[in-house]
Peer 1: 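One structure is given below, represented as structure tokens, and several questions about it will come after.
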Amino acid sequence: MAGGLERVYGTEEDKVNCSFYIKIGACRYENKCQRIHSIPPISQTILFKHMYQNSPIEVAIASGNAVSQAGIEEALEKFENFYEDVFLKLAEFGEIEDLIVCENIGDHLVGNVYVKYTSEYYAEGCFNALQNLSYENKPLQMEYSPVLDFSSAKCKQYIDGTCQRGGACNYLHLKKIATKFKKSLFNQMYEEHPDFREKKEKENIEKSPKKHKKKEKKSKKKKSSSSRESSRRNSIERQKMINDWNETGIQNVSQAQKMMYGNNMPAPVYTPKVSMRTSPELLQLQLQLAALKEQLAAIKMS
């Protein structure tokens, strides 16, 4: 009997516990849900409800509407300032494993911020220290979250560029952050709190002493990385993120159309997804590219 309950716990077959809450940490029915939302008494992950305040431009971006280049840059700068401020503050309480911010605009997900620490001990210290405090004149709404694996909470279609629900999706759409910028924040965390790195290295040595010796030799040859300021403004990386996202979207739609229509494929109607880093000029080029690809495909089939 106990084995059967463990098997169905948190799945669609579980008629008692809300599978969406267990997987996402939030449910669109909230308190009206007919299934139980069991908030854990302690967890490595803390949810800050509605902490990030979206500007009208960011809501437009999340909804898939076209936004001017100036608006995109303004929204990007605002989010990066927030991410840096919150990350470094939360790192004061312990080693962070990940920090994510929702782009969703549904009532139960809008502005949600999740921080996952490397241990429950760090999370508990943060949770206790921030009780009854505010951020930007807004009281913090904190709770321990059951989400320990963000990969299962993320929208796979959003990652592939094919989600049709946009900001209203009930799976997590994460705000994008430049990899180098995020890495620089982790580097600063370890510089300001060397005990985190020492603890991690000690754990790695205990797990695999031979691998650690090889990495130690390689690390001595490497030079220090560039500053965080240059990392957050790495336009080449941002442009690559845009191109990869839009190109993936074009390929997915093209393949789906061929499966549906075969040789009688209609004229392309695909509009590339607008991200916080997509300019109107790039959007127009992507549309033209999609149309040309479909025309060439039609010529080859005729």
Side-chain angles (χ1 to χ4, degrees), residues 11-12 19-20 22-28 52 54 58-67 72 75-76 79 83 98-106 108-110 112-114 116 147-183 234 236-262 265-280 282-294 296-297:
T11 68
E12 292 297 326
S19 60
F20 237 90
I22 293 169
K23 188 183 293 185
I24 312 298
C27 167
R28 60 181 174 142
Y52 183 72
N54 287 292
E58 289 171 293
V59 173
I61 291 169
S63 302
N65 298 322
V67 177
I72 292 167
L76 177 57
F79 174 62
Y83 194 93
D98 203 2
L99 175 70
I100 62 172
V101 181
C102 294
E103 190 172 63
N104 308 67
I105 54 177
H108 61 301
L109 289 174
V110 62
N112 283 2
V113 177
Y114 296 79
K116 183 182 178 184
V147 182
L148 297 176
D149 180 12
F150 291 128
S151 62
S152 62
K154 296 175 187 175
C155 174
K156 305 300 187 293
Q157 287 73 34
Y158 175 74
I159 294 170
D160 295 337
T162 58
C163 182
Q164 300 298 312
R165 292 182 61 82
C169 183
N170 288 315
Y171 284 92
L172 301 187
H173 288 196
L174 307 188
K175 285 183 174 290
K176 290 178 170 56
I177 191 83
T179 305
K180 285 189 176 181
F181 175 47
K182 189 172 182 178
K183 187 177 180 180
N234 187 333
I236 295 173
E237 184 189 8
R238 290 182 181 182
Q239 196 63 44
K240 186 178 183 304
M241 288 167 65
I242 298 167
N243 293 339
D244 289 348
W245 191 356
N246 287 328
E247 183 63 26
T248 301
I250 291 169
Q251 291 171 357
N252 289 339
V253 172
S254 179
Q255 290 170 5
Q257 287 179 336
K258 286 176 183 177
M259 289 175 65
M260 289 175 64
Y261 301 106
M265 192 160 54
V269 293
Y270 171 64
T271 302
K273 184 173 179 64
V274 179
S275 75
M276 292 173 67
R277 302 166 179 81
T278 305
S279 66
L282 179 62
L283 187 62
Q284 187 61 35
L285 285 171
Q286 292 290 350
L287 284 167
Q288 292 173 1
L289 178 62
L292 285 171
K293 283 186 176 181
E294 296 299 345
L296 286 170

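We number each residue from 1, following the sequence as shown.
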Peer 1: I want to know whether Y52 and Y83 have ring centres closer than 6.0 Å.
Peer 2: no
Peer 1: Mind listing the closest non-hydrogen atom pair of A153 and V147 along with its distance?
Peer 2: CB-CG1, 4.4 Å
Peer 1: Looking only at the side chains, is there a donor atom on one of N65 and S63 sitting less than 3.5 Å from an acceptor on the other?
Peer 2: no
Peer 1: Salt bridge check, E58 against K175: does any charged N sit closer than 4.0 Å to a carboxylate O?
Peer 2: yes
Peer 1: Identify the two heavy atoms, one from I105 and one from A62, that lie closest to each other, and give their separation to 0.1 Å.
Peer 2: CG2-CB, 3.9 Å
Peer 1: Any chance NZ of K183 has more than 12 other-residue heavy atoms, nucleotides or ligands included, within less than 6.0 Å?
Peer 2: no
Peer 1: Between D98 and K182, is the salt bridge (Lys or Arg N to Asp or Glu O under 4.0 Å) condition met? List the steps.
Peer 2: CA-CA 10 Å; D98 203 2; K182 189 172 182 178; 2.8 Å; yes
Peer 1: I need the minimum non-hydrogen distance between N170 and I24, along with the two atoms involved.
Peer 2: O-CG2, 3.9 Å
Peer 1: State the NE2-CD1 distance between H173 and I159, to the nearest 0.5 angstrom.
Peer 2: 9.0 Å
Peer 1: Taking atom SG of C169 and atom CD of E103, what is their separation to the nearest 0.5 Å?
Peer 2: 11.5 Å
Peer 1: With rounding to the nearest 0.5 angstrom, report the NZ to CG distance, K154 to L174.
Peer 2: 5.5 Å
Peer 1: Tell me the closest heavy-atom pair linking Y158 and C163, and the distance in Å.
Peer 2: N-CB, 3.6 Å
Peer 1: Check V110, N54, L172 against C102 for a side-chain contact (heavy atoms from CB on, under 4.5 Å) and give me the one that passes.
Peer 2: L172
